[in-house]
Structure formats: C-alpha cells, structure tokens
Number of protein chains: 2
Amino acid sequence: MATIKDVAKAAGVSISTVSAALNGTAPVKESTRQKILEACEALGYRPNRLARGLKTKRSYTIGVIIPELTNPFFPEVVRAIEHKAKEYNYNTILCDTDDDPEVGLSDLHLLIEKQVDGIILIGGVIPRDAILSSRRLPTVAIEKDFNIPQVSCVMADLMGGAYEAVSHLIGMGCRRIAYITCRMGKGVVYRRFEGYKLALKDNQIPFDASLVRESSPDFEGGCEAMKSFKEVPPDAVFSYNDVMAMGALKACSLMGVRIPGDMSIVGFDDIDAVSFTSPPLSTVALPKQEMGSLATEILINTILKKEKPRNVSLSTKLVIRKSCK
Amino acid sequence: MATIKDVAKAAGVSISTVSAALNGTAPVKESTRQKILEACEALGYRPNRLARGLKTKRSYTIGVIIPELTNPFFPEVVRAIEHKAKEYNYNTILCDTDDDPEVGLSDLHLLIEKQVDGIILIGGVIPRDAILSSRRLPTVAIEKDFNIPQVSCVMADLMGGAYEAVSHLIGMGCRRIAYITCRMGKGVVYRRFEGYKLALKDNQIPFDASLVRESSPDFEGGCEAMKSFKEVPPDAVFSYNDVMAMGALKACSLMGVRIPGDMSIVGFDDIDAVSFTSPPLSTVALPKQEMGSLATEILINTILKKEKPRNVSLSTKLVIRKSCK
DNA sequence: CATATTAGTCGAATCGTTTCGATTATTAAT
DNA sequence: ATTAATAATCGAAACGATTCGACTAATATG
C-alpha cells in the first residue's frame, strides 16, 4: 500500500505538506495541491486510519453491544445507529453478546482496546460496575437505566404506551380488559403493567386481578393465557408483547371467538408478523429507529463535547389495525 | 490511559520486556512476569490495538457490508458472522448501505482505510470493478457470485431448494402446481424457477405456463397472484418467498379455499412470521447461520493464508408445517 | 574449567500519521 | 526600499505498540 511518504516523494514535497494539503490544516499553494492530488490518484493512496487514530486519539469508531441481533427489536435500532453514525463519519463495531454477561464484558474490553470513541449499550448485558470502571468512555444505554450520571440513557415510554393502548380500548367501549404478560419483576416488564393499571384508574374502571395472566412470553404462552379465561371472558386483551398477542389471537380462532367482533386485542412492539395475521393486530409501536438515531446523536455529541450526558424518554405510537372494533 | 511505557516504569523493566511477557514472544523470568502482571493490574493497563495494528499490519477487524439490516434474511447471517469472528478474536464493523451502490463504495473505502483484514459482502451492492481494484483484501461474497477468482463465494442452493419443495408437493399428490414469483431476470430470482421446472420434468408433469404468475414480491403481490387463478385453480402453490406465500394464504382464506384441505402452499425463506400464520406455512429454509459462519471461516482462513479462495453452495432445508397435506 | 548455549533483558528502529516550531518565499504596509 | 505580515514548506518529535540485534547472566557441554 502506498503511504503518505510515497505520495510526498512522488509529488516532490515533504510529508507535512501532503498532510496539510489533504486535511486543509495549513495553507498550500494551489499548484502543489494539484501535484499532490495527482500523486494520490496515481498511487491509489488511502490514508491509514489506524496511524491517524494513534496520533489524534480519535478512531471514528463506536462500539454497539447488543444481546441478540435476531430478536426483532434490534435490527432496526442497529440500522438507525449505523446510519446516523455514518452521517458523522463514524463506523460501527457490532458485538452480539448472546445475552451472556461474560461475553459482554470481554466485548467491552476489546472495544476499549480498539480505542472506540464511544459505546452504545442496548439492553442490560453489561455488569454495572464494568461500566462504572470504564467511565472515561462516552456511553449511552438504550432501554436500560444504569443510573450512572455519566451514562446517557434513551428509553421508550412503555408505561405511556400501555396507557394509550388501554385507553383506546376503553374508548372503544371495552370494560373487562385482560392483561396477559410474562412474569413481572420490578424493571422494564413492570412499566407496561403500571400503564395498564393507571389507564383503568383514570377511567374509573376498578382493577380486577382475575383478568391478569402471567405466562411465558411466547406464542404458546399467549395461547394458553387466552384459553384460561373460561367462565366470564374479557371483552378485550392487552398483551405484554406481540408474540403473546398472536398466541391469544390463535386461541380465539380455535375457540370460535371472533376478532374484533367478540373481543379486541392489542399487542406491544409492532413486530413484522402482526401486520400479516388475520385480522392484522393493533399494537404499540416502539420508536426503534428514533431510539437508535437519537442515542447515536447523543453519543457523538458527548464525544465531541457538544453536550452533556442526559436521559430521554421517547413516546411510543399506537398502531391501529383491525383487531379492535 | 496507561501505556506500555507506564507499565514498564512501574515494573522497573524495559518496554520490550513487558511486550515479551504479555505476548509470550520471548522468555521472561517468572518473577519479573509477576511484577509486570501486577503493574498492569494496578494501572488498569489495556494494550492499544491501533498501535499494535499499525506495527503488525493486522487489525483483527473484518468489515461486513450488507444492503439492509431490516430485511429478515440479514440479522441471522450477521449474527453468525459476528460469533464466528469472535471465535478467532476478530471484531466486525457493520455497514448497511441502504442498497445504494454509492454508499457501498464509500463504505468499502472507509473499511480499507481502517485496515480491516478482510471483507464479507452480502448481496450485490458493491460495483464489481471496485472489488476488482481492491483485490488485495481477502473477500468473500454471500449470495452473489462476482466471478472473480480471488473472491470466495458462498451461496444457498436455491434451485435445489425449489426442486425439493416442488418434489414434496408432487409426492403429496399435487399435480397442478402454480408458481408465484416476482419479475424474473436472469440472476438469483431465476434459479428457483429452474428448480420448479426441473422437479416437474423429473416427475413427468408437463410445464404449464398458465400456472406461473409474476407479481410484486410482497404480501399484496402474493394475494393478487392467488386471486388471479379463477377458472381451473391449481391444487398447490409454490411461492418465490414467504411474504408472497402469506399473501396467497390470505387470498385463499378470503375466497374460502381451505388450506391444506383444498390447496397446499409452500413458501421460501422461512421468515419468523410464517410459523405464526394459520395454518403455519411450510417453507424452504435458507441455511443463514451456516452461510454466515462458513463465510467467516473461509475469510479468516484466507487472511491467515490457511486456505485459498473457494466457492461453496449450501443446501436449503424444507421445513414442513401445516400448509400441505 | 573453558566454552558454547540458552535465558533474560534492553535500546533503538519502525509502523504511517499529525502537529508544531522553524525557515524561507511572497506580499502588504509604511 | 525597508520592514512587517503572512503564505508555503519543511524537519523532527510524537502517538503506543512490536521486533530485532546486542548484551549480560545463567546453565549446559565436553
């Protein structure tokens, strides 16, 4: 590969002049600039960014650590990150941890050694103290609040999304609104449930614990949860996620319950598949693209010291399809 | 950040000894190795891989250029690449070109400047001559044959997959098997059609052009293609891709045609959604994970000069669900 | 015991850039 | 015409590692 030295020799000038010409860091006479450009062209010169980064302490690379690219939430977020990064001339090293904290930790270290300028963490794979100890590096977390002042955080307003969905069902006249969910801890999972409860409360509908089902967060789980409503069935179902909602839909079709005639269903996430069910499911869409894009903007701005770390919450969007009357 | 110099000073040895101790490139007395390790620990030393790469001319980074991460084919492939790369201590820079050749080209150049050790190209975004001119760099293409000796190529056997699917339908007793597809050029799209025709021929079923429909490669397209079979309907449909197959399924349910009672359907790709339709669709699965993993293995082996570029074709897998009797 | 090997360590050169202070050529100001 | 500014260029020192030849200390060989 041709180096800047070769270019300098070919153009009959010094190395520093070539550098100045190429980066515009010092005035260079037009005629010599031309000679230099020609030399570059002739030699097929491409600057070595490792060398440049070594000197400037900027790699123009960010690291993205995610749990599992195959989870339908991630590709769109990652894509938005990559695009926004590109706008700022940054590249993206993608690390998929397979949801294993050990892998996450070693990924993080490798990224640091590769001198990435910043890191985006999606979901909670990295142990908190590992992040604390590498706190030099600009970092933004998506959908996980590490509660570290130096770490920015962008979240979707899950509670608001659930609130809006349930309010919509109530507006359609539903009164016995079931909630099917996976097992709830305190964290992310619980926020949707809070939205559900608040919407009921704000509409003077008493909360009825018998309408809540905890099940596995998959198709089967949704299916079983639905089937378990034997005696007095609900008139609507709000689901923790789309896959469960699809399971519920399947259960309804097996039991001869008509959607949206006899029952309304709203899911959560807006995965591709739900627009293909019959009827297509209404759902709460996460602002995936916006999350990735904003996270990247915040990250790069803190790298460039144009802004301080901050936390933002982005609103979800209720997508109305055919599964509620 | 602590550098190797700091470590050397702290341990009271020379820089080269530290390097030797850390890389095992020369014998180091056990006691001084311990001192060095302690110094590293105490200082939180992490080697700067940019500097190392500058000297060794190995970045331990590969570039992956894809058209669109949100196309359901890619995440799984990319994930497999990332995992396999990690096995060899490589990182992955991901570039999503948005299917724009200009972007692809600039991505390629940036990757080269960042001194990636090799490149994986998925789909055909990069102009052929750009690849030719950077032919120094080990490269493997997935699902695109550039027909350049130095560029390896891993493909799925689409023709074989189609052949197997259609043969299966024939085995189930189907005789009037329709093929719905997007507009066919010569390339990738055509290979499935060839498999379809060959399977018919090998089973002495005359090819009937009136059973072939070209339409847009989406849900609507599949739906319309299906509806267009008015008079003498087929007894089975083989579809260019899953999304069209889902459209066909939808059309059948609208027309009161029962699946698999009245008609069998087989799709292509095995996207997530098809396992959630009712009935779940049979389809031809691409060996995505294997493609990514093998491509990476070939790439890294050619980087390490352990093998020469080569072309491989991986077989698809027929996934039988409930949409054929 | 003298010598040949090997173990253990070091200094300096190098990778390909950027950057800064110094130097010279050119133009503007008086 | 002389001086003051500024434009244009250059050389050398970084950046943080690896690597190789040189050197000394320790061990093996005869």
Side-chain angles (χ1 to χ4, degrees), chain A residues 1-37 39-40 43-61 89 109-117 136-137, chain B residues 1-37 39-40 43-61 89 91 109-117 136:
Chain A
M1 261 312 230
T3 74
I4 198 174
K5 207 168 159 184
D6 302 320
V7 175
K9 194 173 296 175
V13 297
S14 78
I15 290 179
S16 33
T17 304
V18 177
S19 176
L22 261 27
N23 301 308
T25 50
V28 170
K29 214 201 308 181
E30 187 50 32
S31 62
T32 84
R33 151 177 279 108
Q34 285 309 327
K35 274 192 301 186
I36 289 171
L37 260 27
C40 287
L43 296 171
Y45 169 70
R46 303 234 155 250
N48 181 327
R49 308 233 174 204
L50 294 195
R52 190 213 292 264
L54 177 59
K55 182 65 191 175
T56 61
K57 293 166 177 312
R58 277 274 150 84
S59 64
Y60 280 86
T61 305
N89 258 297
H109 285 154
L110 203 52
L111 288 174
I112 291 176
E113 296 180 2
K114 289 222 171 146
Q115 311 299 117
V116 295
D117 295 339
R136 313 289 186 93
L137 207 54
Chain B
M1 260 314 231
T3 73
I4 198 175
K5 207 168 158 185
D6 302 320
V7 174
K9 194 173 297 176
V13 297
S14 79
I15 290 180
S16 31
T17 304
V18 176
S19 176
L22 261 29
N23 300 310
T25 50
V28 170
K29 213 200 308 180
E30 187 50 31
S31 63
T32 87
R33 151 176 277 110
Q34 284 309 326
K35 274 192 300 185
I36 291 171
L37 259 28
C40 286
L43 296 170
Y45 170 70
R46 304 232 154 252
N48 181 326
R49 309 234 174 202
L50 295 195
R52 191 215 294 264
L54 178 57
K55 180 66 189 175
T56 62
K57 294 168 178 312
R58 278 274 147 84
S59 65
Y60 280 87
T61 305
N89 258 298
N91 279 125
H109 285 154
L110 204 52
L111 288 174
I112 291 175
E113 296 181 1
K114 289 222 171 149
Q115 312 296 119
V116 295
D117 296 338
R136 312 291 185 93

*Asks:* Grab the OH-P distance between A:Tyr60 and C:dT18 for me, whole Å please.
*Replies:* 12 Å
*Asks:* Map B:Ala26 and A:Leu50 onto DNA chain C by nearest heavy atom, then report which one ends up closer to the 5' terminus.
*Replies:* B:Ala26
*Asks:* Just verifying a value: how many Å separate B:Arg49 CZ and B:Asn91 CG, rounded to the nearest 0.5 Å?
*Replies:* 8.5 Å
*Asks:* Taking the side chain of A:Val13 as heavy atoms from C-beta outward, which of C:dG16, D:dC10, C:dC10 is closest to it?
*Replies:* D:dC10
*Asks:* Regarding B:Ser14 and B:Thr17, is there a side-chain donor-to-acceptor distance under 3.5 Å anywhere?
*Replies:* yes
*Asks:* Given side chains that start at C-beta, do those of B:Asp117 and B:Arg58 come closer than 4.5 Å, heavy atoms only?
*Replies:* yes
*Asks:* Does the protein touch nucleotides 17-28 of chain D at the base, only the backbone, or not at all? Give it as B, S and - per nucleotide, heavy atoms under 4.0 Å.
*Replies:* SBB---------
*Asks:* Side chains of B:Lys114 and B:Ser59, heavy atoms from C-beta outward: is any pair under 4.5 Å?
*Replies:* no
*Asks:* Can you name the residues that form a ring-ring contact (aromatic ring centres under 6.0 Å, His included) with A:Tyr45, not counting sequence neighbours?
*Replies:* none
*Asks:* Using atom CD of B:Gln115 as one end and atom C1' of D:dG16 as the other, report the distance to the nearest whole Å.
*Replies:* 16 Å
*Asks:* Any side-chain N or O of A:Ser14 below 4.0 angstrom from OP1/OP2 of D:dC10?
*Replies:* yes
*Asks:* Nearest-Å distance, NZ (B:Lys114) to C1' (C:dT17)?
*Replies:* 15 Å
*Asks:* Whole-Å distance between D:dA8 P and A:Gln34 CD?
*Replies:* 14 Å
*Asks:* A:Ile112 CD1 to D:dG16 P: how many Å, rounded?
*Replies:* 16 Å
*Asks:* Measure the distance from CD1 on A:Ile36 to P on D:dA8 and round it to the nearest whole Å.
*Replies:* 12 Å
*Asks:* Roughly how far, to the nearest 0.5 Å, is CG of A:Leu37 from CD of A:Glu30?
*Replies:* 8.5 Å
*Asks:* Could you tell me whether a side-chain N or O of A:Asn23 sits under 3.5 Å from a main-chain N or O of A:Ala20, the two making a donor and an acceptor?
*Replies:* no
*Asks:* Would you kindly give the CG-to-P distance between A:Leu22 and C:dT19, to the nearest whole Å?
*Replies:* 13 Å
*Asks:* Nearest whole angstrom, please: distance from the P of C:dC15 to the CZ of B:Arg58.
*Replies:* 17 Å
